[in-house]
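Following: one structure in structure tokens, then a few remarks.
Labels below follow one simple rule: chain letters A, B, ... track the order of the sequence lines, proteins then strands, and each chain is numbered from 1. What you see is a predicted model, and the numbers here were worked out from it, not measured in a lab.
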2 protein chains.
Amino acid sequence: MPNSTPTTVKKTKGQQTAIRIMDAAEDLFSSHGYEGTTLRQIASKAQIQEPGLYNHFSGKRALYEAVLHRALNPMAEALGAHLGQASGLRDYTDLPSIMTDLLLDHPQISALFQQAMQGESDSLGNQLVRNWLERLFKDGVMSLSGTGSLGEGEQDPSALAISVIAMFNLTTGYFLSQRAFETMAEGDLQSPENIARQKRLLHRVMRAMLIS
Amino acid sequence: MPNSTPTTVKKTKGQQTAIRIMDAAEDLFSSHGYEGTTLRQIASKAQIQEPGLYNHFSGKRALYEAVLHRALNPMAEALGAHLGQASGLRDYTDLPSIMTDLLLDHPQISALFQQAMQGESDSLGNQLVRNWLERLFKDGVMSLSGTGSLGEGEQDPSALAISVIAMFNLTTGYFLSQRAFETMAEGDLQSPENIARQKRLLHRVMRAMLIS
DNA sequence: CCTATAAATTATCAGTAATTAATTTTTATC
DNA sequence: GATAAAAATTAATTACTGATAATTTATAGG
């Protein structure tokens, strides 16, 4: 494993540990929340002793923020890029499907997103998510208003914001609803068939929202 | 204040304290979550000392469960009654609006519901919410399948469950999205104008979902 | 191989949270 | 007004959590 290509940078043992810690933390924060996750749990899952965490992160909060950054930024970029290229109505009705695919690759984002949004309003997690939403919304509105597909009611910022919120709740909420699903039907919400069903529903809903 | 009519039962001082405790707990659990809420906070908000909570509840968990029961049961009953009387398609497309009105009267339910759903799967809170959903779904399917308004795809339990999940995510998610809303527009999601907008959106979406 | 540094472990600390026990005060009922 | 019970307060306990300090071990680079 020689460090011969700049594209394949060999990570030090410490860097590998840091990644393990972040993976463990992401998993635990998403399932137990910030308050319900202890550093001992994270360390155990990362296979080190708890004080070892401080070699890589200055504290619990710093670790949480690193996890959030790592989780949310790739999605923000992917969605931003998609919005940047959007030119027709189809590109917008496809947005929830794109988002669904991204979340399918990384289902923990939904829980992290939700927790950060509902968390303490002065927390960096909350601010992070809000900044992200704001940027995305502005990008989306800028390019969407160029397509003439907004109905009269949707020109109103409040109505538009409510539509965007609905879209987010539909897409992220889907990945948080496995337990609810199990009370009603068999199977896994992340199976290809169910994902296809969700996408069909999203498509229909999105068109109902955009065209008035 | 004599106890002269059986319909106006005078509550003892202790019973009044218990109600104050539950009000405080509901407020704090919904905003901070179970783990992030301490008994000291609850006691302080209820204006007693913390060990006093044990005169009314056997522990933190018992208090949480009492809060959930009190919060969720009235809604379950109201929705169940509405479903019981449902006879036409309109009664179903109106369901999210009914639910919106109920949640508007008691916005903390959304957060409690979400937390309980995402909480530990063996917790009573989680089981409570799941039982509730299961019952509601069964009632809904029974009466909905008598109206002939289900599209072909919707006869499938999974597809139907996904629709129901979407409906729940739209309605409860709305009340959890004030912060998101503030990044995009001015105002309060619970204002009459915004509630009206949400209802219009729900109506459109519901019809898109039910009619294929 | 050597050595400085990074990273790990072990030990410890301070504060907090849920809970129990003891005591005091208040309430409700006769 | 008297009294038993309820409910409140005060005091204390136990376990846990995030974090710090000291020591040991592993790693990385020359």
Side-chain angles (χ1 to χ4, degrees), chain A residues 1-4 6 8-26 28-29 31-68 115 119-120 123-125, chain B residues 1-4 6 8-25 27-29 31-68 115 119-120 123-125:
Chain A
M1 201 129 298
N3 191 11
S4 53
T8 55
V9 181
K10 176 174 167 73
K11 295 188 193 305
T12 65
K13 221 41 195 296
Q15 285 169 333
Q16 289 170 43
T17 301
I19 287 163
R20 260 195 352 266
I21 291 167
M22 281 184 69
D23 289 343
E26 185 178 290
L28 289 164
F29 282 141
S31 59
H32 295 84
Y34 180 80
E35 295 288 339
T37 299
T38 67
L39 294 177
R40 281 173 182 113
Q41 287 173 326
I42 293 169
S44 176
K45 199 171 181 89
Q47 289 175 308
I48 59 167
Q49 301 301 311
E50 183 212 329
L53 297 175
Y54 293 88
N55 287 310
H56 307 269
F57 303 94
S58 58
K60 188 179 181 181
R61 190 172 209 129
L63 173 57
Y64 179 65
E65 281 156 19
V67 166
L68 275 195
Q115 285 161 22
E120 295 300 329
S123 75
L124 191 60
Chain B
M1 199 131 296
N3 190 14
S4 55
T8 54
V9 181
K10 176 175 167 74
K11 294 188 194 304
T12 65
K13 231 14 201 308
Q15 286 169 334
Q16 289 170 43
T17 302
I19 288 164
R20 259 193 354 264
I21 291 168
M22 281 183 71
D23 287 344
D27 191 42
L28 290 162
F29 282 140
S31 58
H32 296 85
Y34 180 80
E35 294 287 340
T37 298
T38 67
L39 292 178
R40 273 173 206 155
Q41 287 172 326
I42 294 169
S44 175
K45 199 172 181 89
Q47 291 175 308
I48 61 169
Q49 301 301 310
E50 181 207 330
L53 297 175
Y54 293 88
N55 288 309
H56 307 270
F57 303 94
S58 58
K60 187 180 183 182
R61 188 171 211 131
L63 172 57
Y64 180 65
E65 282 155 19
V67 166
L68 275 194
Q115 285 161 24
E120 294 300 328
S123 74
L124 191 60

Item checked: Where protein sits on nucleotides 16-22 of chain D, one letter per nucleotide: B base, S sugar-phosphate only, - none, heavy atoms under 4.0 Å -> -BBBBB-
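Of all heavy-atom pairs spanning A:A46 and A:A24, the tightest one is N-CB, 4.0 Å.
Residues passing the side chain to side chain donor-acceptor pair (under 3.5 Å) test with B:H32, sequence neighbours excluded: A:E120. The side chain to side chain donor-acceptor pair (under 3.5 Å) test applied to A:R40 returns A:E50, not counting sequence neighbours. Taking the side-chain contact (heavy atoms from CB on, under 4.5 Å) definition, one finds that A:Q15 meets it with A:K11, A:T12, sequence neighbours left out. In terms of the side chain to side chain donor-acceptor pair (under 3.5 Å) criterion, B:N55 has no residue partners (sequence neighbours excluded). Looking at residues two or more places apart in sequence or on another chain, you find a side-chain contact (heavy atoms from CB on, under 4.5 Å) between B:A18 and B:H56.
A close approach under 4.0 Å does not occur between any side-chain nitrogen or oxygen of B:H56 and OP1 or OP2 of D:dA6.
Following rounding to the nearest Å, B:I48 (CD1) and C:dT27 (P) show an atom-to-atom distance of 14 Å. Between A:N55 atom CG and C:dT10 atom P there is a gap of 14 Å when expressed in whole angstrom units. One can place CD of A:Q47 at 10 Å from P of C:dT9, the figure rounded to the nearest angstrom.
Residues of residues 12-20 of chain B that place a heavy atom closer than 4.0 Å to DNA chain C, in numerical order, are B:T12, B:K13.
At least one side-chain heavy atom of B:K60 sits under 4.5 Å from a side-chain heavy atom of B:F29.
Judged as a salt bridge (Lys or Arg N to Asp or Glu O under 4.0 Å), the pairs with a partner in residues 12-24 of chain A (not counting sequence neighbours) are, in order, A:D23-A:R70.
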